[in-house]
Structure formats: structure tokens, C-alpha cells
2 protein chains.
Amino acid sequence: MNKKKIAKLEKSGWKVGTAADFLNLTPEEAAYVEMKLALAEQLQKQRKRKHLTQHQLARLIHSSQSRVAKMERNDPTVSIDLLVKTLLALGSSPKDVAKAFSFREAA
Amino acid sequence: MNKKKIAKLEKSGWKVGTAADFLNLTPEEAAYVEMKLALAEQLQKQRKRKHLTQHQLARLIHSSQSRVAKMERNDPTVSIDLLVKTLLALGSSPKDVAKAFSFREAA
DNA sequence: TAAGTATATGTCATATCTGACATAATTGCA
DNA sequence: TGCAATTATGTCAGATATGACATATACTTA
């Protein structure tokens, strides 16, 4: 499964169900994109809870507004590493991150 | 905190305590390396449980024995993404990964 | 001891991720 | 409506991660 295809899925399909619903994703691939999405959603939630703009969060983690936007939009160029580091910077504990890692609220 | 230093810490200090015990790690940095270490340990555990050699696991994930070794040794060039993908390939569920993500047995 | 198997380490070319920038689209509000 | 603030998207040069290879070290067992 190539990355472009996953990116497409991420853009069009996310919000209506789970990644596993889509074509040609192996269970591992589906689990992986699900996990990334869960982290992305948790990130936005935490940012908003702290009443930060993307720009402010970007400064906090020495990154840029555009990259924060990509994180929250689950852009395929964003790594789990970056998502995790950002959640930690927002004050999440490893346990919080672990929770975000495996659960995701229905949209 | 630079990467070389963390690599050093990972090599020398890990096994006797938690990363947070060491100098100059911010709480986020400490949490990050702790999480990576927990994933690395879980990975080795799962591989051994399945009676796979590093070489066999490498073939399974289309990687190389040396990279598997680096994953298990927590080499700083290994990303969380790769660790997570590998755990999923070994049959772990996202919940399993989440557990590994936040807990770590004493050595 | 030697030979075979497994794991560890160093290096490198290539692939992927990164922050940054420009700019577009969206949102909120007077 | 218009304007300011915020968020989204495309691009790129530099940074980091990757698989692969060579080779070293460790561990069995004959």
C-alpha cells in the first residue's frame, strides 16, 4: 500500500468511519493509520483545551504553524514521533499518550 | 539535549533505572526516551515469544537484521514509527502497543 | 578448539520527515 | 460587507531515518 493512497484515504474517508473500512489496507496498515489519527485528534483537543492557536503551539515546540496544521490534519508526512513529542510538550503524560494511542471517539 | 547524549544514556544507563534519573533531560525528553525504550523491550519480548530470529523478523517486515538489532537496542536512529509498525506486524493490537507505550518492567 | 548460528555495530546512498516560507481558504466579528 | 485572525495547502532545502552491507562479537555445540 503506497503512501499516496493512504493520504487519499485519510483525507476523504476518515471522518465517517474507521480506516479499516477502506480497500486494500492490511490489518497492520489500518491499525497504523488509526493510531496516527487518534494521536492527531488528541493533539487538537489538547491544544484547544489550552486555548492555544496553531501558531502559539508551533512556537512552543519550535516548529511552524503549517506543520501543526499538518499534524492535526493527519498529513502523511507527519511522523508518530512528532505527534508524540508534541503531545508530551502539551503536558500529556505517557499514560495519556497511550490512551490516545488506542482509543478514538466517533466523529 | 542532543541526540548523541541521549544515545549514550540509552546505552549506559537504561537498565538500572528510569531515564528521568539522568541529567539534563526535560520531563518531555525523559518521557519520550522512556516510551521508546518500552516499545523496544516489548518488541524483543514479542519476537522471542514467537521464536523468531532477528533475521526472520527482518524478512517479515522487509527490513534487515541490523535494523532489527538497532530497534531492540534502542538505537537513536530508530523511530517510534518503525517500532510501532514492527509491533503491529508481530500481531500486536493497537491496545497492546498502547500498553507497551506507557509501562515498562524493571530490568 | 573450531564451526555454525545469532546478535551487535559502523557506514553509506537513498528515502522520508522537518521547519520554514508563501499563499490560499476559512472563520469570527464590527 | 470588509478586515483581522486563524487554519490549510503546496513547496523546498536541509535534517533525519531507512535498508543494506560488511564485519565484529557472542553464544552453542561438536
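A, B, ... follow the sequence lines: proteins, then strands. Residue 1 opens every chain. Note that the coordinates shown come from a computational prediction; the quantities given were computed from them, not determined experimentally.
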Q) Of all heavy-atom pairs between A:Asn74 and A:Val33, which one has the smallest distance, and what is that distance? A) ND2-O, 4.4 Å
Q | Interatomic distance where CD belongs to B:Glu72 and P belongs to C:dT9 [whole Å] | A | 12 Å
Q. What nucleic acid atoms does B:Arg47 come within less than 4.0 Å of, heavy atoms only: base, sugar-phosphate, or nothing?
A. sugar-phosphate
Q: Specify the angle, to 10°, made by the local axes at the two ends of the helix from C:dT1-D:dA30 to C:dA30-D:dT1 when five pairs are taken at each end.
A: 40°
Q) How close do B:Leu83 and B:Lys36 get, heavy atom to heavy atom, and via which atoms? A) CD1-O, 4.0 Å
(Q) With a 4.0 Å cutoff (strictly under), does any side-chain N or O of A:Arg73 reach OP1 or OP2 of D:dT7? (A) no
**Q.** Below 4.0 Å: OP1/OP2 of D:dA20 and any side-chain N or O of B:Arg67
**A.** no
(Q) Tell me the closest heavy-atom pair linking B:Leu88 and B:Pro94, and the distance in Å. (A) CD2-N, 4.3 Å
Q. Once you round it to whole Å, what is the distance between P of C:dC17 and CD1 of A:Ile61?
A. 17 Å
Q. Just how far, in rounded Å, is C1' of C:dA6 from CE of B:Met71?
A. 16 Å
(Q) Could you walk me through whether B:Lys85 and A:Glu28 satisfy the side chain to side chain contact (heavy atoms under 4.5 Å, CB included) test, starting with their C-alpha distance in whole Å, then the side-chain angles of each, then the deciding distance to 0.1 Å, before giving a yes or no? (A) CA-CA 7 Å; B:Lys85 284 179 183 171; A:Glu28 300 97 271; over 6 Å; no
**Q.** Minimum side-chain heavy-atom gap B:Leu57-B:Thr86 below 4.5 Å
**A.** yes
Q | Validation row: B:Gln46, B:Asp96 side chains within 4.5 angstrom (heavy atoms) | A | no
Q.
Just to be sure I understand the rule, does A:Ser79 reach a base, reach only the sugar-phosphate, or reach nothing, if contact means heavy atoms closer than 4.0 Å?
A. sugar-phosphate
Q. Does a nitrogen or oxygen in the side chain of B:Gln65 sit under 4.0 Å from OP1 or OP2 of C:dA6?
A. no
Q. Just checking A:Val78: base, sugar-phosphate only, or nothing, at a heavy-atom cut-off of under 4.0 Å?
A. sugar-phosphate
Q) Touch check for B:Ser63, heavy atoms < 4.0 angstrom, all strands: base, sugar-phosphate only, or nothing? A) sugar-phosphate
Q: Check whether the side chain of B:Ser66 and the base of D:dC21 form a donor-acceptor pair under 3.5 Å.
A: yes
